[in-house]
Structures are given as C-alpha cells and as structure tokens.
Amino acid sequence: MLTATNVTKKFGGLVAVDDVDFSIDDEEIVGLIGPNGAGKTTLFNTVTGVHPPNTGSITFNGTELIGKTPNEVAQLGIARTFQAVRTFNESTVLDNAMIGAIFGTDESVSKTEATDRAREALAFVGLDDRRDEEAGGLTIADRKQLELAKALAAEPELILVDEIGAGLTPTEIDEITRTLERARDERGVSVFWIEHIMEAIMSVTDRIIVLNQGEKIADGTPAEIRSDDRVTEAYLGEVES
Ligand SMILES: Nc1ncnc2c1ncn2[C@@H]1O[C@H](COP(=O)(O)OP(=O)(O)O)[C@@H](O)[C@H]1O
Ligand SMILES: [Mg+2]
C-alpha cells in the first residue's frame, strides 16, 4: 500500500532521515520506534507532504506522494494524528471531528455527509453522546480519542499516529491501543504508529521498524525486535532498563 524507497530528508547539514526504505501493507499495524531525535516524526512528515524528502520515492497505492500537498495526501486516504494534541478546545466535539471529514475528502462533501461521517467516527471511539460539549472539557485521554475520531472521519486507508500514548495512564493507553486495533479489524485501516510505550506497541503490532539517527536499523516482528542486539543497544536498553 505504502512503499518508500531511499528516502532522505536533510535540515541544513543534519540528515534527519537517512536513505530509509520501508513498506506498509493492507490492514497492517506497524510500529515506528527509536530514541528522541531519531527522525520518526520527520519520516511521517515526508509521507504527508509537510517536509518533502530531498531524495527518494514514496508511493501510496501506486501514486507518487512526493510533490503533493498535505491536503492532497489526506485526500488520497492518509490521515494522521500529531505528537501534540491539536483539538480546537472552544469548538464542540462534533465540529472537531467534522474537520477531519472535510479535510480528508476528495469531492466537496456536503454538510450532512460530513456530519454523518463525523458522528459515525465519534461513535466508534465512544464520544458521540458528548458531541455537543466543548472539546476543551474532555480529559486528555478523550481528546486523544477525539484526534483518532477526527482522523477516522476522513475514512482513510492508512492512519499515521505520532506518540498518542504519552501522558496517559496504563488503562487509557490500553483503550487507545484497542481503538487502533479495532480500526484495523473493523474498518480495514492500516496503522503506522510512533510510540515509546513498548508494552502497547509490542502487544498490537504485526511489525516494528526501528530508526536510530535517521537510519533504519531493524524491521521485523515484535519478537525479532526484542531480541535484536542493535536495537537493544540503541534504544530498548534505555526505555526498558
Ligand atoms: N523543521 C525542522 N527543522 C530543523 N531540524 C528539524 C526539524 N524537524 C526535525 N528536525 C531535526 O531532525 C531530527 C529528527 O527529529 P524528529 O523527526 O522530530 O525526531 P523524533 O520524532 O524521532 O524524535 C532532530 O535532530 C531534529 O532536531
Ligand atoms: Mg517525534
């Protein structure tokens, strides 16, 4: 579905993403891990048109993404959530979800259609009965579920999730993990998930990609990643010690 080849992104002299190849298949949940500054968010930005790479190719269902704007990438079926929660806190929960439905749609969607998609996505994350409340009144965990609803309201084929678990309790992280798993199981969405919380990422991913200083150092099943000496040295030793 998503295929990246020889992707390099430099900021001045800094090579944030260094000649990275990877792919994401249909209905796959793939983790992206690595130390802070490894290039994980930048890799998402190369996919979504925010920071086009200096070199390389990224195709989605055969269409080249490089040169497309973030809006065009969204319309092709790739949604994302951000490391920092981006809800509009003075808008209602429903209006926040509708932003996703409108931004990610290729034809000019009617207000009724956008409302239907937004409410359906809110119901999926358990927030439809709170649709008329201000988003700012939700707990952090619910605002993160709202971010997922906003992404899912676009009816994407792939969702990129950037560190959604940070600051949540173990129970809340488990709920987010289950939402992502259900998105795959019930809606056929592929998930590419940056996360530092190893228990969550190991429990649900089919495969994990590891970045270190911009380079891909491993790509395998959670079990393979756990027993990879390079990964332990660069990252897992640090987060799990
Ligand atoms: N917009 C930017 N301008 C300059 N440097 C950046 C920019 N975004 C990220 N970087 C640098 O690129 C490297 C990778 O950052 P990032 O992708 O945010 O890492 P991660 O998400 O893995 O923590 C870091 O050294 C960071 O400082
Ligand atoms: Mg990041």
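Numbering of ligands and ligand atoms starts at 1, following listing order.
By the side chain to side chain donor-acceptor pair (under 3.5 Å) test, Arg130 pairs with Glu133, Asp142, sequence neighbours left out. Listed by chain and residue number, nothing satisfies the side chain to side chain donor-acceptor pair (under 3.5 Å) test with Thr177 (two or more places apart in sequence, or in another chain).
We find the CD1-CD1 distance between Ile58 and Ile66 to be 4.5 Å, quoted to the nearest 0.5 Å. Interatomic distance, Leu94 CG to Arg119 CZ, rounded to the nearest 0.5 Å: 7.5 Å.
Taking the ring centre of Phe44 as origin, the terminal cationic atom of Arg80 falls outside the region bounded by 6.0 Å and 45° from the ring axis.
Side-chain heavy atoms closer than 4.5 Å link hydrophobic residues (I, L, V, M, F, W, Y) into clusters, and following such links, even through other members, never connects Leu122 to Val85.
Remark: the Glu147 side chain and the Asn96 side chain contain no N/O donor-acceptor pair separated by less than 3.5 Å.
Looking at every heavy atom in both residues, Ile176 comes nearest to Lys144 through CD1-CB, 4.0 Å.
By the criterion of a separation under 2.8 Å, the protein N/O/S atoms near the Mg ion (ligand 2) amount to Thr41 OG1, Gln83 OE1.
Classification of the Phe11-His51 ring pair by plane angle, with boundaries at 30° and 60°, yields perpendicular.
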Does ligand 1 have any N/O pairs with the protein under 3.5 Å, and how far apart?
unit_1	atom_1	unit_2	atom_2	d
ligand 1	17 (O)	Thr42	N	2.9
ligand 1	17 (O)	Thr42	OG1	2.6
ligand 1	19 (O)	Gly39	N	3.3
ligand 1	21 (O)	Thr41	N	2.9
ligand 1	21 (O)	Thr41	OG1	2.9
ligand 1	22 (O)	Ala38	N	3.2
ligand 1	22 (O)	Gly39	N	3.0
ligand 1	22 (O)	Lys40	N	2.9
ligand 1	22 (O)	Lys40	NZ	2.8
ligand 1	23 (O)	Gly37	N	2.8

